[in-house]
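Inspection log for the structure reproduced underneath, given as structure tokens.
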Amino acid sequence: MKTAIIVFPGSNCDKDIAYVMRQFYSHNVEFVWHKDQFEKQYDLVILPGGFSYGDYLRCGAIARFSNAMKSVFEHAKQGRKILGICNGFQILTESGLLPGTLMQNKNLKHICKDVYLEVGSSKNPVTKKIPKDKILKIPISHGEGNYYADDFVIQELKEQDRILFRYYKENPNGSMENIAGITSKDFKIVGLMPHPERAMEEWGSTDGKIFFDSFLSY
């Protein structure tokens, strides 16, 4: 499987997700610098976590206009898979590839800790291999993870089974409907605030692998 990881000034999780894709899933991984466009047809494009362009203006607001994102838009038009993690999720909403926005956490502080997640819908094909009652333990690290959308979008996400994960019991950031991640209408574009690439090893949680196993199987 060919995977491209887009690297912006301020990305700091690009090497982490590359390690996971190579070591656990034997992907052929290539890094794409934000100034470059790509013509290759990748199976998967990943927008990693970090602080693209220093999070100036709004998180992901500048990254949306990078040269690399022009290729990401074309990749999306072809119906190919895109995964945005944390800052990557923010970029996907800023670019319009996913609806809604990520606002500042309700407590106005950066939060870095493990959280618990439940599957948003048993009918979402991205999480179909995750047992219905499984609660995942995956870390977050963000200052702007408070998901917001208007009532119409929220209702549409629920009716179309596009809520990927919800925070379980504790909502760390004030996100509407406890939303921790969503998908596009065709389920090919996925964005989430938690960092599954940080939950892959036995010394901590391995629940990130449960997510990736399901996501990559779709």
Side-chain angles (χ1 to χ4, degrees), residues 13 16-17 20 24 47-50 59-60 83-93 98-184 187 189-218:
C13 299
D16 303 47
I17 191 64
V20 168
F24 290 87
L47 307 180
C59 298
L83 173 63
I85 300 173
C86 197
N87 190 225
F89 185 15
Q90 294 162 345
I91 294 169
L92 289 174
T93 59
L98 288 177
T101 190
L102 282 308
M103 304 191 304
Q104 194 168 21
N105 294 341
K106 191 173 182 178
N107 65 4
L108 306 182
K109 297 179 181 179
H110 187 102
I111 303 172
C112 184
K113 66 176 184 177
D114 289 331
V115 297
Y116 294 92
L117 307 171
E118 61 180 348
V119 171
S121 171
S122 60
K123 296 180 181 179
N124 188 312
V126 178
T127 53
K128 66 181 178 180
K129 286 199 170 183
I130 301 176
K132 182 179 178 181
D133 298 327
K134 175 66 177 175
I135 303 300
L136 304 183
K137 179 182 178 182
I138 295 178
I140 58 171
S141 181
H142 59 248
E144 293 83 17
N146 181 356
Y147 182 79
Y148 174 84
D150 63 35
D151 292 340
F152 175 80
V153 169
I154 293 295
Q155 187 62 28
E156 190 176 64
L157 291 173
K158 291 193 287 188
E159 290 177 352
Q160 296 175 356
D161 300 303
R162 291 166 55 194
I163 297 177
L164 185 73
F165 289 116
R166 285 187 172 93
Y167 296 109
Y168 179 71
K169 290 190 175 180
E170 179 194 4
N171 183 332
N173 49 39
S175 182
M176 292 184 71
E177 295 283 336
N178 300 320
I179 289 174
I182 62 173
T183 69
S184 59
F187 304 103
I189 304 174
V190 175
L192 71 164
M193 288 309 298
H195 286 269
E197 78 280 11
R198 298 183 184 180
M200 302 292 295
E201 305 288 354
E202 291 294 342
W203 51 264
S205 171
T206 57
D207 287 350
K209 191 172 188 303
I210 295 175
F211 163 70
F212 283 121
D213 286 351
S214 184
F215 168 69
L216 293 171
S217 71
Y218 171 61

> Would V153 and L157 count as a side-chain contact (heavy atoms from CB on, under 4.5 Å) if you check the C-alpha gap in whole Å, the side-chain angles of each, and the deciding distance to 0.1 Å?
Replying inline: CA-CA 6 Å; V153 169; L157 291 173; 4.1 Å; yes
> Which heavy atom of S141 sits nearest a heavy atom of C86, and at what distance?
Replying inline: O-SG, 3.5 Å
> Does a side-chain N-to-carboxylate-O contact under 4.0 Å join E118 and K169?
Replying inline: no
>> Run the side-chain contact (heavy atoms from CB on, under 4.5 Å) test on Y167 and M193 for me, step by step, so that the C-alpha distance in whole Å, both residues' side-chain angles and the decisive distance to 0.1 Å come before the verdict.
In response: CA-CA 10 Å; Y167 296 109; M193 288 309 298; 3.8 Å; yes
> Of the non-hydrogen atoms in I17 and I85, which two are nearest, and what is the gap between them?
Replying inline: CD1-CD1, 4.0 Å
> Which atom names give the shortest non-hydrogen contact between S175 and N171, and what distance separates them?
Replying inline: O-ND2, 2.8 Å
> K158: what forms a salt bridge (Lys or Arg N to Asp or Glu O under 4.0 Å) with it, not counting sequence neighbours?
Replying inline: E177
> Could you walk me through whether L117 and Y168 pass the side-chain contact (heavy atoms from CB on, under 4.5 Å) check?
Replying inline: CA-CA 5 Å; L117 307 171; Y168 179 71; 5.8 Å; no
Side-chain polar contacts of residues 124-139 - donor-acceptor pairs under 3.5 angstrom, sequence neighbours left out - could you list them?
| from | atom 1 | to | atom 2 | distance (Å) |
| --- | --- | --- | --- | --- |
| N124 | OD1 | V126 | N | 2.9 |
| N124 | ND2 | D161 | O | 3.0 |
| T127 | OG1 | N124 | O | 3.4 |

> When rounded to the nearest 0.5 angstrom, what is the spacing between CZ in F24 and NZ in K209?
Replying inline: 7.5 Å
>> Test of understanding: with side-chain contact (heavy atoms from CB on, under 4.5 Å), list the residues that count as partners of Y148, not counting sequence neighbours.
In response: T101, M103, M176
> Is P48 close to E197 at the side-chain level, that is, under 4.5 Å between some pair of heavy atoms?
Replying inline: no
>> So, using salt bridge (Lys or Arg N to Asp or Glu O under 4.0 Å) as the criterion, who are the partners of K113 when residues are at least two apart?
In response: E170
>> Enumerate the ring-ring contact (aromatic ring centres under 6.0 Å, His included) contacts for residues 198-218, please, sequence neighbours excluded, ordered by first and then second residue.
In response: F165-F211, F211-F215
> Out of curiosity, L192 CG to I140 CD1, how far, rounded to the nearest 0.5 Å?
Replying inline: 11.5 Å
>> Let me confirm one number: the NZ-CD1 distance from K106 to I111, rounded to the nearest 0.5 Å.
In response: 11.5 Å
> From T206 OG1 over to M200 CE, what is the distance, rounded to the nearest 0.5 angstrom?
Replying inline: 8.5 Å
> For E202, which residues count as a salt bridge (Lys or Arg N to Asp or Glu O under 4.0 Å) partner, sequence neighbours excluded?
Replying inline: none
> Say you draw a straight line from CG of L98 to OG1 of T183; how long is it, rounded to the nearest 0.5 Å?
Replying inline: 7.5 Å
>> Going by side chain to side chain donor-acceptor pair (under 3.5 Å), N173 matches just one of H142, Q104, K109. Which one?
In response: H142
> Ignoring hydrogens and geometry, is there a side-chain-to-backbone donor-acceptor pair from N105 to N107 under 3.5 Å?
Replying inline: no
> Is S205 close to D114 at the side-chain level, that is, under 4.5 Å between some pair of heavy atoms?
Replying inline: no
>> Show the nearest heavy-atom pair for residues G50 and C13, with the distance to one decimal.
In response: N-SG, 4.4 Å
> Which atoms form the tightest heavy-atom contact between G191 and L92, and what is the distance?
Replying inline: CA-CD1, 4.3 Å
>> Minimum heavy-atom separation for P194 and A180, please, with both atom names.
In response: CD-O, 3.4 Å
